[in-house]
Amino acid sequence: MPELPEVETMCRGIAHLAGLRIASAHFPRGTVRPIRVEPSAGAVAKRLAGRTIVGVGRFGKRVAIELAPRGRAGPEWLVIEPRMTGLMLVADPPTTGHVRMEITFDRARAPRLLFWDRRGLGTIRLLDRRGLDAACGETVLGPDGLVITTAALRDRLGRSRRAVKVALLDQRAVAGIGNIYAAEILHAAGVDPRAACRRLSAECWERIAAAGREILADAVRLEGSTIGDETYQTADRRPGRYQTRHRVYGRAGQPCGGCGQPITRLVQAQRSTFYCGGCQWRPRRRYRSV
DNA sequence: CATATGTCCTGAGAGC
DNA sequence: TGCTCTCAGGACATAT
C-alpha cells in the first residue's frame with residue numbers, strides 16, 4: 001500500500017515523538033509468523049531500550065527513525081519498510097493480532113509507537129551510518145519523487161528499452177513512486193504507460209517530471225490514498241483523502257475525465273496498469289529530440 | 001478462483 | 001558470440 005505520500009504522512013504523524021526516550025521495544029510473536037527484524041528482534045529490543053529519538057525521516061518508501069548516540073555507539077537508524085500493508089501508528093491498532101513492534105516511552109502520557117502489518121511482508125532494521133547508506137543510499141534509491149527533475153529522469157531512464165510505467169516503479173530511477181501514482185502521473189503527463197523509455201522526447205520527460213512532483217505533493221497534502229480494503233490510515237487512524245482525486249487508478253471501464261473514453265486496465269510486469277487510450281500518447285517511432 | 005498499494009531472487013530470452 | 005538488459009514467475013502472507 002504505502003507509496004511516497006502514504007509513507008511521508010506516516011513520518012509526519014510520528015515526528016512529534018522526537019525528543020522522547022524509549023523505555024522498551026517489543027516484537028510480538030502472536031499466532032502469525034514474525035516479520036523480518038535485523039539483526040534480530042532480541043538484539044534490536046536491547047539496543048533500543050534507553051535511546052532517545054532524534055527525529056523521523058523518509059527514504060523513498062521507508063521510514064527512518066534516528067536514535068541519539070549512546071556510549072561508544074554512534075547514531076543509529078531504525079529503518080522500517082511497510083511494503084504492502086504496514087502502518088506506523090500512535091493509536092490503537094485495527095487488529096491486535098498484527099502488531100509487529102511496540103515501543104513505549106519513559107514519559108507519562110506519551111503514546112505507544114506501533115508498527116502494524118496485516119500481511120507481514122514489512123521489515124525492520126536497526127542500522128549504523130554505513131548500514132543506512134547501504135540500505136537507503138544513492139546506489140539503491142534514486143532522487144526523491146517530490147523533487148524529481150527532467151534531467152534526472154532522462155539520465156537514468158532515457159536509454160532504457162523498458163515500458164515507461166514499469167521503469168517509474170524502479171526505485172533506483174526515482175524513489176517513492178508505486179503502482180497507484182505511476183498510473184496517475186502518466187495520465188497527467190499524457191504519456192502511454194506502454195511507451196518505451198528510449199522513444200520518449202525531452203518534452204515527455206519534462207511533463208512526467210512536472211506531473212510527478214505535483215501529484216506526489218498534492219497526495220502528501222491530502223495524506224495519501226486509502227483504497228480497497230481501507231488498510232492504509234494515518235498514524236492517528238484517519239483515512240487519506242487523495243483517492244478522491246484518482247483519475248485512472250482502479251477506474252477501468254469508467255469514462256476518462258479528460259476525453260470521456262473508457263479507462264483501460266492491462267497487466268505490465270504482473271501488475272495492473274490503468275490508463276486512458278484517448279489522452280495518453282504513445283510514440284510509434286524513435287522520437288527525434290528537439 | 002482472482003485480486004491486492006512492495007520487494008527480492010532466479011532463470012530464460014531478446015537484442016545490441 | 002558475449003554481455004547486458006528485461007521480464008516472467010515465484011516467494012513472502014493475509015484478506016476480500
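Labels below follow one simple rule: chain letters A, B, ... track the order of the sequence lines, proteins then strands, and each chain is numbered from 1.
- Each of C/dA8, B/dG6, C/dC7 was ranked by its minimum atom distance to the side chain of A/Gln270; first place goes to C/dA8.
- The gap from the C1' atom of B/dT10 to that of C/dT1 amounts to 23 Å, rounded to the nearest Å.
- B/dA2 sits 13 Å from C/dG9 when the P atoms are compared, rounded to a whole Å.
- Nucleotide C/dT4 is matched to B/dA14 when pairs are restricted to Watson-Crick or G-U wobble geometry with both distances under 3.5 angstrom.
- The A/Arg83 side chain lies nearest to B/dC8 when the options are C/dC5, B/dC8, C/dA15.
- Phosphate contact (OP1/OP2 of C/dT6, side-chain N/O of A/Ser160, threshold under 4.0 Å): present.
- Contact annotation for A/Ala219: no contact, since no heavy-atom pair falls under 4.0 Å across all strands.
- A/Arg100 has no carboxylate O lying under 4.0 Å from a charged side-chain N of A/Asp117, or vice versa, which leaves the two without a salt bridge.
- Using a cut-off of 4.0 Å between Lys/Arg side-chain N and Asp/Glu carboxylate O, A/Asp170 and A/Arg172 are scored as salt-bridged.
- Atom CZ in A/Arg119 sits roughly 10 Å away from atom P in B/dG6 (whole-Å rounding).
- With sequence neighbours excluded, the residues that form a salt bridge (Lys or Arg N to Asp or Glu O under 4.0 Å) with A/Arg221 are A/Asp218.
- For A/Lys61, no side-chain nitrogen or oxygen approaches OP1 or OP2 of B/dT5 to under 4.0 Å.
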